[in-house]
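The structure appears below as structure tokens.
Being a predicted model, the structure only gives us computed values, none of them experimental. Only this structure's heavy atoms are used, side chains among them; waters, hydrogens and symmetry mates stay out. Residue numbering restarts at 1 for every chain, and letters A, B, ... go by the order of the sequence lines.
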Amino acid sequence: MSKPSIPRGTRDFGPKIMAKRKYILNTIEKVYQSFGFMPLETPSMENLSTLTGKYGAEGDQLLFKILNSGDYLKDINSDKFDSKSLTPLISEKGLRYDLTVPLARYVVMNQNEVTFPFKRYQMQPVWRADRPQKGRYREFWQCDADVLGTNSLLCEADFIKIYRQVFSKLGLNDFEIRINHRKLLEAVVEKADVSVHFKTITIIIDKADKIGMDGVKNELIALGLNDVQSTIILSLLNKQAFNAANLEAIQHALPDTENAKKAMSDLNQLLNLLDQKTDFVYLDGSLARGLDYYTGCILEVVPTSVQMGSISGGGRYDDLTGIFGLKGISGIGISFGIDRIYDVMEELNLFPTDGTNFTDVLFCCMDESAFAYSLPLADELRLNGIKTEVYPDTSKLKKQLDYANAKNILWAVIVGENEMKNNQLALKNLLTGEQELIDKMALTVFFQKL
RNA sequence: GUAGUCAUAGCUCAGUUGGUUAGAGCAUCGGUUUGUGGUACCGAGGGUCGUGGGUUCGAGCCCCAUUGAUUACCCCA
């Protein structure tokens, strides 16, 4: 007899964990709604043609593929195919890798119905066939918000406000919002005259946090850059306050190219739209982000008092819907990683202690006739918004009270022969141990007053 | 794909240089108390020591293989 198990990198969420997860999800959802975002849900699985090629070669490797249904090997002659060319013949669907590509797919399919700028939020699980480790799962939830159909930097500014509101409401105050601009990175790589290596270089400098400046330099030189070129790249990597003086200094160091102009223009506009309110915001030259489709401002939120990767990220993508045939739609989106936010809040003990009980009142029935007496009373309490349950057996009172303790229920109403005869219920506070008799008719009023 | 660590009761873990019948806490169930819990006391059930092979008079412990978990790298939330 083997013990049951779940696939690696997946988790069960029991009631206590769900209460906390819902707390995070509800907080994020309310903030999204307060900025006018509308909900969207898309299927867990997408056609592989929708998913492949959107996340780079590495990302394609991480797609979970779903075998076709039925006798999918019937017409396959195994001599003709190797393991790679066989895959597209037996698998046409895959689990979604993120929520952004499904959004693009949805917008293209429904372009006549959506009103631009289209602001949607989406909170659903995504799957990656990754090696799990701390803070990394194979099934995890993303909480995205995106705006499609406008180039306005107001969106970037809104998202920075959203970050501040969400983390402030969650009580998570030790964090940094890091911003950068994809075209700023491109301009620097142009200046060093190594544009052919742009992608590899972004991956290297993204690791600056972890491997340090020397580590970055070593990897750049290993890539084939000379000392001057790597120095140019390194000069950009410092993290600094997001203000006009620093922006100007960067501008002087950049070449006079289209990329540089666009990046500086965007960042200056964003600074103005934030009206100098840049608390928590840092300009981080080493922020690159892996996803291929980003083309403008990129954002990331990192907790500062806990060793954890980014807990949110996002950025602007100029032409995501273009791959599905709808050109000229610019978008920007962010995504909260609630699994990591949960881990951080758990580590910092930030979850509120109250609100963890799922039931307020437990009816304890001493004999069968007490059920008929209790059920209408319980219904009345429920109609008044009091979370009420009736213990379903006439077990020993000890056992019923044990149940109440295990579920952190504050009030027990004990219903037995004497109580029913006199219409006086024994009401016990399980925290203080105090018990009193209360008139049957006064019960609802009593709990309403609490 | 690469490397390290680990695997003993439902859970968290002890288990001495290899030595008799593998232990504890928590949880569960029963009792002290037939209607009063969260504190106390007594008791019970629960194990192919991940799996397979090897060394040995003898293996939870040593060796090999395998599976799984976990951490780090790559990449990413």
Using a 4.0 Å heavy-atom cut-off across all strands, classify [X] as base, sugar-phosphate, or nothing.
X        : answer
A:Tyr137 : base
A:Glu417 : base
A:Glu139 : nothing
A:Leu431 : base
A:Gly433 : base

Determine: side-chain N/O of A:Gln133 to OP1/OP2 of B:A72, distance under 4.0 Å, yes or no.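 Yes.
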Do the side-chain N or O atoms of A:Arg8 get closer than 4.0 angstrom to the phosphate oxygens (OP1, OP2) of B:A69?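 Affirmative; the distance criterion is met.
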Residue [X], side-chain atoms from C-beta onward, closest of [options]:
X        : options             : result
A:Ile203 : B:G37, B:C75, B:U36 : B:C75
A:Met366 : B:C76, B:C73, B:G35 : B:G35
A:Lys396 : B:G31, B:A69, B:A77 : B:G31
A:Leu401 : B:A72, B:G37, B:G35 : B:G37

Which is more 5' along RNA chain B, the nucleotide nearest A:Ile414 or the one nearest A:Lys207? Just name the residue.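 Of the two residues, A:Ile414 wins.
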Pick the closest RNA chain B nucleotide for A:Gly313 and for A:Leu397 by heavy atoms, then say which residue is nearer the 5' end.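 Nearer the 5' end of the strand: A:Leu397.
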Look through every strand shown and name the nucleotide pairing with [N] as Watson-Crick or G-U wobble, where both distances are under 3.5 Å.
N     : result
B:U5  : B:A69
B:U20 : none
B:G43 : B:C29

Cation-pi geometry met for A:Arg11 and A:Tyr137 (6.0 Å, 45°):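 Yes - A:Arg11 lies over the ring of A:Tyr137, closer than 6.0 Å to its centre and within 45° of its axis.
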Aromatic A:Tyr373 / basic A:Lys440 pairing, under 6.0 angstrom, 45° off normal: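 Yes, a cation-pi geometry.
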Between A:Arg120 and A:Gln122, a side-chain donor and acceptor under 3.5 Å: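 Looking only at side-chain atoms, A:Gln122 and A:Arg120 do form a donor-acceptor pair, the distance falling under 3.5 Å.
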A:Gln33 and A:Tyr121: side-chain donor and acceptor closer than 3.5 Å?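 Looking only at side-chain atoms, A:Tyr121 and A:Gln33 do form a donor-acceptor pair, the distance falling under 3.5 Å.
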Which whole number of Å gives the distance between the [atom1] atom of [N] and that of [M]?
N     : M     : atom1 : answer
B:C11 : B:A69 : P     : 15 Å
B:U21 : B:G68 : C1'   : 31 Å
B:C49 : B:A22 : P     : 10 Å

Assess whether a salt bridge exists between A:Asp266 and A:Lys183, defined as any Lys/Arg side-chain N lying under 4.0 Å from an Asp/Glu carboxylate O.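 Here A:Asp266 does not pair with A:Lys183 in a salt bridge, since their nearest N and O are not under 4.0 Å apart.
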Kindly state whether the pair A:Phe336 / B:A77 counts as stacked, where counting means centroids closer than 5.5 Å and planes tilted less than 30° apart.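 Per 5.5 Å and 30° rule: no stacking.
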